[in-house]
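In what follows, chains are A, B, ... by sequence order, proteins preceding strands, each numbered from 1. These numbers were taken from a predicted model, which means no experiment stands behind them.
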Amino acid sequence: MQLFNTLTRKLEHFTPQTPGEVTLYTCGPTVYDYQHIGNYSAYVRWDTLVRTLRESGYAVDWVMNITDVGHLVSDADEGEDKLQKGAKREGKTAWDVAKFYMDDFLLGLKALNVLTPTHVVRATDHIAEQIALIKTLEQKGYTYIIDDGVYFDTSKSPDYGYLARLDVKNLQAGARVEFNKQKRNVTDFALWKFTPAGQKRDMEWDSPWGKGFPGWHIECSVMAMKYLGETLDIHTGGIDHLPVHHINEIAQSEAATGKQFARFWLHCNHLMVEGSKISKSAGNGILLHNLAEQGFNALDVRMLLLQSHYRTQANFTMDGLRAARQRRLSLQAFADLRFQTVEAGELNAQSFTETHNVMLEELQNDLGTPDALAALSTLAESAQTYLVGSDAARAFADFVAFLDRVFGLKLGDSKDITVGQKQLITERETARAAKDFAKADTLRAELEAQKITVRDTPLGTIWARSD
RNA sequence: GGCACCGUGGCGGAGUGGUUACGCAAUGGUCUGCAAAACCAUGUACACCGGUUCAAUUCCGGUCGGUGCCUCCA
């Protein structure tokens, strides 16, 4: 399997440290608001990675974090805590806000048919471990304390910023952002933030340095290493995490262990909406709820994402979503043909095997979902023309199961039509043979009302679901 | 201002030094009792200007345009 490793900026052959077992960490959301389709796009991308790894024979131990504390409005460790801000906005406690949006996020993942990670872990459940890691860093001399918290001294990390190819000197010269003047280096980041004197936060804990809460970056290092070991096979995240969050994760993790933190770093690009980036102020952060109200299935969004490569800046448009929906329904009609194999069908088991192999090859080539889909569409189209022979029924069923494993479009979920519906089709054929077209059309309308479209082919009547 | 990336037919979106990506839509046709279905066919796509090459959309340089990051975000 080939994956593009941000660490080397090259397509590399991937093999895990332990044969057959992959350790994977994915940066999850900060749960202070609803997740929009752009946020979700990342998890669909990484879901495809997990599915492809599993299909390639690897067991995948997958950890995703939920940031429910400590992520400040600015990565420069300034401003309010996002959770605290959300709490103020909604008149709830930060704990309530976190719980509410975490649950909503998990429901969204389910709707998108994103596999459940082996471990979904919350930062607030790992406060003791975070304090322990900060202590280790302190003992090794990587930290210093200023008025608002405990900071990591990035100048002590010789390769600081390498992943992002950060030019640290240039950054310092061109720094425009105001930061705490007590910081030794502009890139230094908070490991622990103090609760300001005289204040009481919803979320705060005692620590050796004083009451407060953990910095945003430390949680990922802690939870990744706790569940997956000191060196991960793969660490994934959105491209926005590259220049700050990920280089900080590397700095603190490697400072603590002296070992490489992650062997492969994968970054997905952002989804645009109508050609612009998604931002709260632009009001284009479309939610799954919004799309559901317009009659779209979350799987239509999944389809749309599969059509583009995870490293490109894909564009979400309503026209694109409609096209994706049509394409998904067309693939569903193809999958439903497995209930309708015919004696004289020309598509044999080999057709499915060949397409299966091409698709897997494309996926293993840095998750080439667009090319894998193209191969599938080509087969689906020929199936409409040549129909599938009954001798290939088993191969067809296996193929649909494969599609669901890698694409997660739930094509295999649809059942055969009912005996009653089959009866209607037979009756309609009889009526047609008797040239009683009025009756035939009535029966067709009846089927249509049950979301079944019929079409007449030289080899007989074929049905497809219209929803 | 600094650093990247990108510019593909109506839309979305792959890929490649010389052969149809693919999907959606559109147009024409076939089949059909009819058809909203299905199938077949069609669009002289690869921003512009140079260069390298027998050959460039695909490599190199420049121009123009767009986007992202540097500042919250997946």
Spacing between A/Q384 atom CD and B/G23 atom P, to the nearest angstrom: 12 Å
Which part of the nucleic acid, if any, lies within contact of A/Y43, taking any heavy atom under 4.0 Å across all strands shown: a base, the sugar-phosphate backbone alone, or nothing? sugar-phosphate
Across the strands shown, which category fits A/T453 at heavy-atom distances under 4.0 angstrom: base, sugar-phosphate, nothing? sugar-phosphate
Comparing nearest nucleotides in RNA chain B, the 5'-proximal residue of the pair A/Q326, A/A380 is A/Q326
Select base, sugar-phosphate, or nothing to describe what A/A324 touches, counting heavy atoms under 4.0 Å on all strands. nothing
A/S377 side-chain proximity, nearest of B/G13, B/C22, B/A74: B/C22
Does the structure show a Watson-Crick or G-U wobble partner for B/U19, both distances under 3.5 Å? Name it, or say none. none
Considering only the C1' atoms, how many Å lie between B/C39 and B/U44, rounded to the nearest integer? 26 Å
Using atom C1' of each nucleotide, how far apart are B/U63 and B/C72 to the nearest Å? 35 Å
Would you check if A/H270 stacks with the base of B/A74, given a 5.5 Å centroid limit and a 30° plane limit, both strict? yes
Does the side chain of A/I286 reach to within under 4.5 Å of the side chain of A/H36, using non-hydrogen atoms? no
Measuring from the side chain of A/D319 (C-beta onward, heavy atoms only), which nucleotide among B/G33, B/C11, B/C24 has the closest atom? B/C11
Compare the minimum distances between each of B/A74, B/G12, B/C22 and the side chain of A/H36, then state the nucleotide with the smallest one. B/A74
Would you tell me whether A/E90 and A/Y101 have side-chain atoms, one donor and one acceptor, within less than 3.5 Å of each other? yes
What's the gap between B/A45 and B/U57 when it is taken at their P atoms, as a whole Å value? 12 Å
Could you work out the separation of B/A36 and B/G15 based on their P atoms and round it to a whole Å? 37 Å
Base, sugar-phosphate, or nothing: which does A/T312 touch, judged by heavy atoms less than 4.0 Å apart? sugar-phosphate
Side chain of A/R444: nearest nucleotide among B/G23, B/A74, B/G33? B/G33
Return the value, rounded to whole Å, for the distance between atom CZ of A/R322 and atom P of B/G12. 13 Å
Please tell me which of A/G238 and A/Y310 maps to the more 5' nucleotide of RNA chain B, matching each residue to the nucleotide holding its nearest heavy atom. A/Y310
Tell me whether the side-chain N or O atoms of A/D441 pair up with the base of B/G33 as donor and acceptor below 3.5 Å, since no angle test is needed here. yes
Expressed in angstrom and rounded to an integer, what is the separation of A/H309 atom NE2 from B/C5 atom P? 16 Å
Under 4.0 Å between any heavy atoms, over every strand shown, what does A/A374 touch: base, sugar-phosphate, or nothing? Just pick one. base
Need one value for A/R465: base, sugar-phosphate or nothing, where a base atom within 4.0 Å counts as base even if backbone is also close, heavy atoms only. nothing
A/R432 near the nucleic acid: base, sugar-phosphate alone, or nothing, with a heavy-atom cut-off under 4.0 Å? base
Using the P atom on both, measure B/U27 against B/A35 and round to a whole Å. 16 Å
Determine the interatomic distance between C1' on B/U71 and the same-named atom on B/U53; round to the nearest Å. 46 Å
Closest approach to the side chain of A/P243, judged atom by atom: which nucleotide of B/C69, B/G23, B/A74 is it? B/C69
Separation of B/C69 P from A/I239 CD1 (nearest whole Å): 9 Å
Out of the candidates A/R327, A/K410, A/R328, only one should pair with A/D300 under the salt bridge (Lys or Arg N to Asp or Glu O under 4.0 Å) rule; please name it. A/R328
Please determine, for B/G1, whether a Watson-Crick or G-U wobble partner exists with both distances under 3.5 Å, and give it or none. B/C70
Closest approach to the side chain of A/E381, judged atom by atom: which nucleotide of B/A14, B/A74, B/C39 is it? B/C39
Between B/C46 and B/G12, how far is it from one C1' atom to the other, in whole Å? 15 Å
OP1 or OP2 of B/C69 sitting under 4.0 Å from any side-chain N/O of A/K277? yes
To the nearest Å, how far apart are A/D371 CG and B/A21 C1'? 7 Å
Whole-Å distance, A/L163 CG to B/C69 C1', equals 14 Å
If you look at every strand shown and take non-hydrogen atoms under 4.0 Å, does A/M272 touch a base, only sugar-phosphate, or nothing? sugar-phosphate
Base, sugar-phosphate, or nothing for A/I462, non-hydrogen atoms under 4.0 angstrom? nothing
Sugar-phosphate only, base, or nothing, as touched by A/G320 at under 4.0 Å among non-hydrogen atoms: nothing
State whether the number of non-hydrogen atoms from other residues, nucleotides or ligands found under 6.0 Å of A/E361 atom CD is greater than 12. no
Is any side-chain heavy atom of A/E219 closer than 4.5 Å to one of A/Q130? yes
Using a 3.5 Å distance criterion without hydrogens, assess whether the side chain of A/Q332 forms a donor-acceptor pair with backbone atoms of A/L411. yes
What is the base-pairing partner of B/G7, counting Watson-Crick and G-U wobble geometry with both distances under 3.5 Å? B/C64
Same-atom distance (P) from B/G18 to B/G13, integer angstrom: 24 Å
Would you check if there is a donor-acceptor pair between the side chains of A/R263 and A/T23 at a distance under 3.5 Å? no
Using OP1 and OP2 only, check whether a side-chain N or O of A/S330 sits under 4.0 Å from B/G23. no
Test: A/R405 cationic atom under 6.0 Å from A/F407 six-membered ring centre, within 45° of axis: no
Would you mind classifying the nucleic acid contact of A/N315 as base, sugar-phosphate or nothing, using non-hydrogen atoms under 4.0 angstrom? sugar-phosphate
Please check: side-chain N/O of A/T426 versus main-chain N/O of A/K422, any donor-acceptor pairing under 3.5 Å? yes
Rounded to whole Å, the CG-C1' distance (A/L329 to B/G23) equals 13 Å
Report the distance from atom CG of A/D456 to atom P of B/C34, rounded to the nearest whole Å. 11 Å
